[in-house]
Amino acid sequence: MSGPHIEVSDLVASPSLLEGLNPAQVEAVTAPDVPLLVLAGAGSGKTRVLTHRIAYLVATARARPSGILAVTFTNKAAREMRGRLEGLLEDGVQGMWLGTFHAMGARMLRQRGDLAGVPRDFVIYDEVDRQALLKEAMREAGVDEKRFSIGSIGGEISRAKNDLQGPGAFAAAARGFTESQAAKVYPRYERMLEANRALDFDDLLLKVVRMLEGSEVALGRYRERFGHVLVDEYQDTNRAQYQILRLLVGEHRKVTVVGDPDQSVYSWRGADLRNILEFQRDYPEALVVPLEQNYRSTAAILRSAGAVIQENSLRLEKQLWTLGPEGDPVQVGQFYDEREEAAAVAAEILRLHRGGEVGWGEVAVLYRTNAQSRALEEVLLRGGIPYRLVGGVRFYQRKEVKDLLAYLRLLANPRDRVAFERVINVPKRGVGAQSLAQIRDAVQAQGGDLDTVLRDPQLAGLRGASGAGLSRFAEMMAELREFGSGWALVEVLDWLLERSGYRALVRDGSPEGEERWGNVLELRGLAAEQGEGPALQTLPLFLEQLALAGEVDQLEDGSRGAVTLITLHQVKGLEFPVVFVTGVEEGLLPHSRSLDSVSALEEERRLLYVGMTRAQRRLYLSHCFQRHLYGSPRGATPSRFLKPLSALEGTSGWGAPGSFVAPASTRGQPLVLTRARDALLAEATRPSPSEPAVARFTAGERVEHARFGRGVIRVSEMTPGGEEVVIDFDGAGRRRFAVTDAVLRKLG
DNA sequence: TGCGGGTCCAGCGGG
DNA sequence: TGGACCCGCA
């Protein structure tokens with residue numbers, strides 16, 4: 001590998017951009033305009049290199065911001081890059097395209113989608129909408145819903161789209177029963193999307209490929225525009241994304257990809273590891289710069305993680321190292337079952353916290369499947385350890401938010417049948433399944449145009465209550481449309497909430513109702529940000545932003561105050577001083593569904609690797625002798641992935657109070673048992689002594705928390721472990737706690 | 001149309 | 001074990 005390519009003039013132009021970078025980072029940042037593959041190991045300063053390279057390209061006048069396309073997978077990554085670049089570039093990121101693949105796709109299709117037959121006013125269907133449509137298409141195709149789930153059929157279609165296969169090509173290549181069923185559904189699903197003027201997320205990539213391949217105009221336009229293309233998380237790209245990049249990069253080949261094959265854990269979402277493994281085949285003149293210096297973890301942690309990942313065959317060799325301290329040994333512990341495992345985790349967290357070593361927020365507990373979180377939650381709750389469960393239903397997927405958005409979508413696009421069917425009977429208007437079928441027929445008779453039927457509800461031929469209900473709904477939508485041309489979006493929404501009866505439905509006086517109402521208000525706040533312009537004009541952009549937006553960050557705001565419970569997949573990209581990886585067992589990690597292929601198995605190993613490399617100072621791995629699966633206990637054995645650790649120096653045992661001793665062959669080192677830990681464990685698992693039989697708090701009450709300050713109770717409920725409350729803090733977001741006298745007091 | 005009980009299923013989840 | 005969904009009944 002050649003050394004850094006630095007011109008003296010470059011250094012003069014932008015000395016600060018290289019300050020504090022290590023030699024490999026400098027080499028990546030300053031590399032010439034050749035295809036560049038940055039093999040960025042975990043914790044090696046990947047984002048820093050990417051942003052500094054962009055800034056460097058601009059500072060040395062090799063690119064203007066508007067000539068740069070930088071794509072990421074997540075909104076979060078895009079936001080982070082944007083933030084950093086704004087600090088690095090004098091004139092900011094003006095004109096630069098910096099965003100997710102899907103946002104890029106949507107933007108291109110809005111501009112020139114007509115060249116691929118995409119209507120300009122398309123709407124984007126999310127997972128829920130997509131499933132509704134799939135279900136319908138499956139019925140129409142006569143696919144037995146009992147034998148084939150929406151998930152499996154939808155998965156096939158999604159995979160086909162990611163592989164750039166249209167319905168015809170897919171049908172021709174279909175093998176096996178599921179595929180042949182999916183082949184019957186696919187064309188129908190496509191027709192339905194078209195009739196609704198909708199694209200699903202896969203389309204945002206597929207249609208771009210079609211556009212660029214089918215139109216010289218489009219291809220020329222974007223090739224000319226983007227002289228430099230940079231890609232984050234390249235190991236996660238699928239076939240469609242790969243093809244888009246190939247097309248855009250064209251002959252200039254000024255492409256920088258950053259990624260780490262060892263952290264590829266999304267093959268089930270279409271990611272193709274070959275894209276990164278074969279980058280040098282695609283671009284023989286490519287420069288490859290490995291970033292191997294790690295700034296995150298102790299040497300002990302890196303050594304263990306390295307020993308694990310080294311067993312994989314599908315990788316590009318890379319060895320992480322650090323100038324940092326050796327640190328505490330990585331601990332591998334065996335426990336009797338998931339309850340004891342959870343108790344040991346809690347006890348260790350308590351110990352570290354008491355010793356003043358860590359705050360709650362500096363600890364993360366990782367697991368393979370969401371179901372594993374329950375045992376952990378129970379114990380943390382009982383031990384009074386504040387925690388935050390990452391995952392669950394995302395804001396934009398919550399029912400009340402989806403319902404209101406459906407109303408708004410129908411306003412923006414009167415042909416959106418999925419939106420219509422979602423809300424026609426919410427609140428109840430007497431239009432049930434029977435009536436809906438009739439309406440569907442009527443729509444079909446009108447050439448699939450829902451709008452015609454809404455303008456003339458008689459067409460549906462409904463009688464009685466259901467006919468009246470449809471008419472009322474149609475009338476309301478007509479009024480809404482009228483107001484939409486004059487009123488601001490937030491005003492339209494307020495009117496809608498009253499007129500539709502939705503507010504009354506949501507806000508039924510129960511604590512849950514208040515929580516739902518809180519979500520509505522959050523959405524209302526977003527609508528208010530759209531300004532005073534007529535709703536019909538601001539609405540399309542609003543809907544697009546929401547469709548492409550991910551979760552409102554749960555992690556940023558509160559990472560200081562609570563232990564994080566999170567899946568191994570979701571933890572990618574994060575770091576914590578103390579990390580527990582639980583359930584490192586055969587059948588769980590590797591998951592039983594991954595045992596039949598080497599590549600799937602290796603992906604599971606990467607998953608463990610990702611988990612281990614999140615740890616900064618302390619890392620604990622645990623497995624059980626027995627674990628409850630679907631309610632019944634099953635024997636468990638340590639994961640095969642742990643084997644290389646037992647031979648490693650600097651790995652030690654971590655155990656529960658002497659009740660259980662592992663068979664010698666299944667553990668690394670002798671379990672470490674201490675009295676102090678026994679006591680802590682007992683404390684962590686003991687039911688709170690003075691549980692009040694009734695809730696102390698009620699929704700709406702203002703309280704003060706020792707750590708998070710003031711807030712308002714959202715939900716209070718009694719659980720076997722005591723009272724549990726959800727609090728919206730004034731300054732620290734939403735949190736869930738077990739009530740303990742020590743931390744919470746009522747105000748006023 | 002709305003509900004209650006039986007049945008079936010169960011991995012990870014961005015945009 | 002528990003949630004989602006379907007079918008049958010008020």
Side-chain angles (χ1 to χ4, degrees), chain A residues 71-79 99-107 124-131 135 145-147 149-152 154-155 158 161-162 199-206 208 232-233 236-238 240-241 264-271 338 366-375 378 390-394 396-397 425 427-436 464-466 469 544-551 553 566-573 583 587-595 600 603-604 606-608 610-611 627-634:
Chain A
V71 276
T72 63
F73 272 79
T74 64
N75 287 301
K76 192 178 168 199
R79 267 200 305 276
T100 64
F101 269 103
H102 291 90
M104 174 204 75
R107 195 164 172 186
I124 300 168
Y125 272 9
D126 71 9
E127 210 45 40
V128 179
D129 306 320
R130 173 174 168 270
Q131 285 189 12
K135 194 169 177 179
E145 287 169 71
K146 291 234 168 65
R147 298 188 53 193
S149 66
I150 294 180
S152 64
S158 178
K161 288 188 173 188
N162 289 158
L199 300 185
D200 64 19
F201 280 117
D202 298 323
D203 286 335
L204 294 179
L205 307 173
L206 173 63
V208 169
D232 190 20
E233 304 277 15
D236 285 337
T237 47
N238 63 31
Q241 288 156 333
S264 165
V265 292
Y266 283 113
S267 72
W268 48 280
R269 259 169 16 192
E338 70 274 5
L366 280 42
Y367 39 82
R368 178 67 176 80
T369 69
N370 280 307
Q372 288 169 254
S373 69
R374 181 166 303 163
E378 275 170 19
V390 177
V393 186
R394 316 168 77 211
Y396 300 109
Q397 307 272 25
N425 211 28
K428 303 267 176 270
R429 295 188 182 87
V431 183
Q434 200 74 36
S435 314
L436 202 54
S466 48
E544 175 142 329
Q545 281 172 0
L546 294 193
L548 292 173
E551 185 49 279
D553 265 314
I566 190 169
T567 65
L568 285 162
H569 280 94
Q570 285 200 301
V571 83
K572 198 174 137 193
L588 211 47
L589 189 65
H591 195 271
S592 52
R593 293 203 173 194
S594 323
L595 298 179
E603 179 149 322
E604 295 289 304
R606 291 195 291 268
L607 209 42
L608 175 59
V610 164
R627 184 173 295 272
H628 289 85
L629 229 70
Y630 312 134
S632 46
R634 293 204 198 172

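In what follows, chains are A, B, ... by sequence order, proteins preceding strands, each numbered from 1. Nothing here was measured: the structure is a model prediction, and the numbers come from that model.
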Under the side chain to side chain donor-acceptor pair (under 3.5 Å) test, residues paired with [X] that sit two or more places apart:
| X | answer |
| --- | --- |
| A:Arg627 | A:Glu341, A:Glu585 |
| A:Gln372 | A:Thr369 |
| A:Glu604 | A:Arg368, A:Ser594 |
| A:Thr567 | none |

Test side-chain contact (heavy atoms from CB on, under 4.5 Å) applied to A:Asn162 - qualifying residues, sequence neighbours left out: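 Scan of A:Asn162 (side-chain contact (heavy atoms from CB on, under 4.5 Å), adjacent residues dropped) gives A:Ser158, A:Asp202, A:Asn238.
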A:Arg107: partners by side-chain contact (heavy atoms from CB on, under 4.5 Å), with sequence neighbours left out: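 Here the qualifying residues are A:Trp97.
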side-chain N/O A:Asn370 vs B:dG13 OP1/OP2, d < 4.0 Å: yes
Residue-phosphate contact under 4.0 Å: A:Thr100 side-chain N/O, B:dG14 OP1/OP2: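 A:Thr100 to B:dG14 OP1/OP2: no side-chain N or O under 4.0 Å.
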Sugar-phosphate only, base, or nothing, as touched by A:Gly105 at under 4.0 Å among non-hydrogen atoms: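 The residue A:Gly105 makes no contact with any strand.
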Sugar-phosphate only, base, or nothing, as touched by A:Glu604 at under 4.0 Å among non-hydrogen atoms: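 Result for A:Glu604 = base.
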Between B:dG14 (P) and A:Trp268 (CH2): distance, integer Å: 8 Å
Nucleotide B:dG15, atom P - distance to CZ of A:Arg269 in whole Å: 8 Å
With sequence neighbours excluded, residues passing salt bridge (Lys or Arg N to Asp or Glu O under 4.0 Å) with A:Lys572: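 Once residues adjacent in sequence are excluded, the partners of A:Lys572 under the salt bridge (Lys or Arg N to Asp or Glu O under 4.0 Å) criterion are A:Glu233, A:Asp236.
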B/S/- contact track for nucleotides 1-10 of chain C, protein heavy atom under 4.0 Å: BS---S----
Interatomic distance at P, C:dA4 relative to B:dG13, whole Å: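 Each nucleotide's P atom is 16 Å from the other's.
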Nearest-nucleotide comparison on DNA chain B, the residue closer to the 5′ end among A:Leu607 and A:Val431: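 The residue closer to the strand's 5' end, by nearest nucleotide, is A:Val431.
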Paired and unpaired positions of DNA chain B as dot-bracket, Watson-Crick or G-U wobble under 3.5 Å, | denoting a partner strand: ||||||||||.....
Aro-ring/base stack A:Tyr266-B:dC12, d under 5.5 Å, angle under 30°: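 No, the aromatic ring of A:Tyr266 does not stack with the base.
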